[in-house]
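Single-structure report; data block below.
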Amino acid sequence: MKFDYKKYIRRQLLTLTPYQSAREEFEGDGRSMILLDANENPFSSEVNRYPDPMQKKLKKEIAKWKWVGEDQLYLSNGSDEFISNVIMSCCEPGEDSIMIVPPTFGMYKVSAKTFGVDVQEVPLTDAFQLDVDSILKTADQRSKVIFIPTPNNPTANNFDLNSIEQIIRGFPGLVVVDEAYVEFCGNPSVISWLSNYNNLMVCQTFSKAQGMAGARLGMAFAHSDFISFFNRIKSPYNINSLTINAVLKRLKEQDKVEEQVKLVLKERRRLENAFSSIPFIEECYPSDANFLLVRLDDSSHRHQQLLENGIVVRNPSKNLNCENTLRISVGLPEENNHLIEVLSNLS
Ligand SMILES: Cc1ncc(COP(=O)(O)O)c(C=O)c1O
């Protein structure tokens, strides 16, 4: 049976006539043309012209790198923009819901709330794993999208791949697997599952292992029908020229990225070891990402003490089942040395 992506999309958006930007209307064929169509400043600078709205050159390179078709790839202004695109596209405000699995990445809920969309929460198990039975029991006709970040933030662990697959099979709506930290974990990406499951979307980012948080580039992979729909509703020039050029350069530096990931993983192990001899750290949770979640005696007090010593970490204690925890990113070796020294001297 032919896949019908339309059943996942809000009705009013299916008939929307997309905005046609100047650079979409006139694509160019390599000839040098006088461009008087976009009200740009004609004086040359690095960025006086609008960027390619469809980022064709960049998509070609990323598609080759990730082994997907260019028509299965959508680029966003960070994964944050994709998350909001999905919710806005699939959920009827005041009627539909997204599902999240707390403790989890905070933007899913915030994004849903900004669109007037309800949030169904199904907590992770005590081992911070997906509670597949509860997820599938709670899901109803209002559940349009579930967000599954693996490795998860703030708990740092991977989810079991079989559990994710069971959810994809049983969930009535779309399943977004958010692989922001995938380069740091042992599990392969689930991008290869796209050929089996039409209700799967995968997102990755240049903000973490790729070291380009300031450039803001997210990649989403999905059935080509979804991608062409997102291309119709996206803001016209969502990826700027500086980012496109910087990412094209970074794609040629993947050896360097791999080296950096290896070093981060080595440093993570060093931090884990060091934390085991800090008396007020009660537990350091297993990590598959570039950060560690630790449970300690008094997170507010320790957070404040670290600030006084010039070290900024995150206090996710308000998240479900994260009381008295701190989330600590792995830094440079000398920064980690300083962290260990400060923690060892705190009373
Ligand atoms: C799980 C997860 N997804 C997405 C993001 C956001 O990524 P981006 O910088 O691409 O918007 C984060 C950022 O911390 C994250 O932890």
Side-chain angles (χ1 to χ4, degrees), residues 55 58-59 62 66 73-88 98-112 114 119 121 124 128-130 145-159 164 167 174-185 187 189-191 200-222 230 234-235 238-240 242-244 246-247 250-251 257 261 264 268 285 287-293 312-316 318-320 322 325-331:
Q55 311 99 22
L58 182 54
K59 274 189 185 153
I62 293 180
K66 296 288 173 182
L73 172 63
Y74 173 71
L75 300 181
S76 55
N77 189 336
S79 292
D80 288 343
E81 189 192 31
F82 169 69
I83 292 164
S84 113
N85 287 158
V86 175
I87 298 173
M88 185 270 282
I98 63 157
M99 189 178 281
I100 59 169
V101 289
T104 190
F105 179 47
M107 269 311 286
Y108 310 133
K109 188 173 186 170
V110 172
S111 218
T114 59
V119 180
E121 305 197 19
L124 296 177
F128 289 149
Q129 281 296 325
L130 296 163
V145 189
I146 181 170
F147 289 95
I148 303 180
T150 182
N152 185 35
N153 176 8
T155 62
N157 62 307
N158 272 338
F159 293 136
I164 298 178
I167 293 168
L174 291 175
V175 178
V176 175
V177 177
D178 181 346
E179 297 186 329
Y181 301 95
V182 71
E183 292 96 331
F184 299 104
C185 83
N187 279 354
S189 164
V190 299
I191 290 177
L200 170 66
M201 293 186 174
V202 185
C203 62
Q204 297 184 359
T205 178
F206 273 77
S207 298
K208 308 297 177 184
Q210 294 296 326
M212 301 191 73
R216 312 301 301 131
L217 190 78
M219 300 170 279
F221 309 91
F230 284 132
K234 79 180 186 67
S235 57
N238 61 332
I239 313 297
N240 70 73
L242 298 175
T243 295
I244 292 177
V247 173
R250 179 53 51 103
L251 289 174
V257 173
V261 167
V264 167
R268 188 183 78 196
Y285 290 91
S287 171
D288 299 297
N290 63 338
F291 59 90
L292 290 162
L293 184 75
V312 190
V313 299
R314 209 71 199 268
N315 185 353
K318 287 203 186 94
N319 288 269
L320 186 75
C322 289
T325 60
L326 291 179
R327 195 194 71 188
I328 303 174
S329 307
V330 178

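For ligands, and for the atoms within them, numbers begin at 1 and follow the listed sequence. Count residues from 1 along the sequence.
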Test side-chain contact (heavy atoms from CB on, under 4.5 Å) applied to E179 and S189, C203, C185, S79, the passing residue: S189
Geometric class of the Y108/F105 ring pair [parallel <30°, tilted 30-60°, perpendicular >60°]: perpendicular
Side-chain ion pair, K109 and E121, N-O less than 4.0 Å: yes
Geometric class of the F82/Y74 ring pair [parallel <30°, tilted 30-60°, perpendicular >60°]: tilted
Within the protein, residues bringing a heavy atom under 4.0 Å of ligand 1, chain by chain: G78, S79, D80, F105, P149, N153, D178, A180, Y181, T205, S207, K208, R216
Reference residue P102; test side-chain contact (heavy atoms from CB on, under 4.5 Å); the match among V119, L320, T155: L320
Under the ring-ring contact (aromatic ring centres under 6.0 Å, His included) test, residues paired with F221 that sit two or more places apart: none
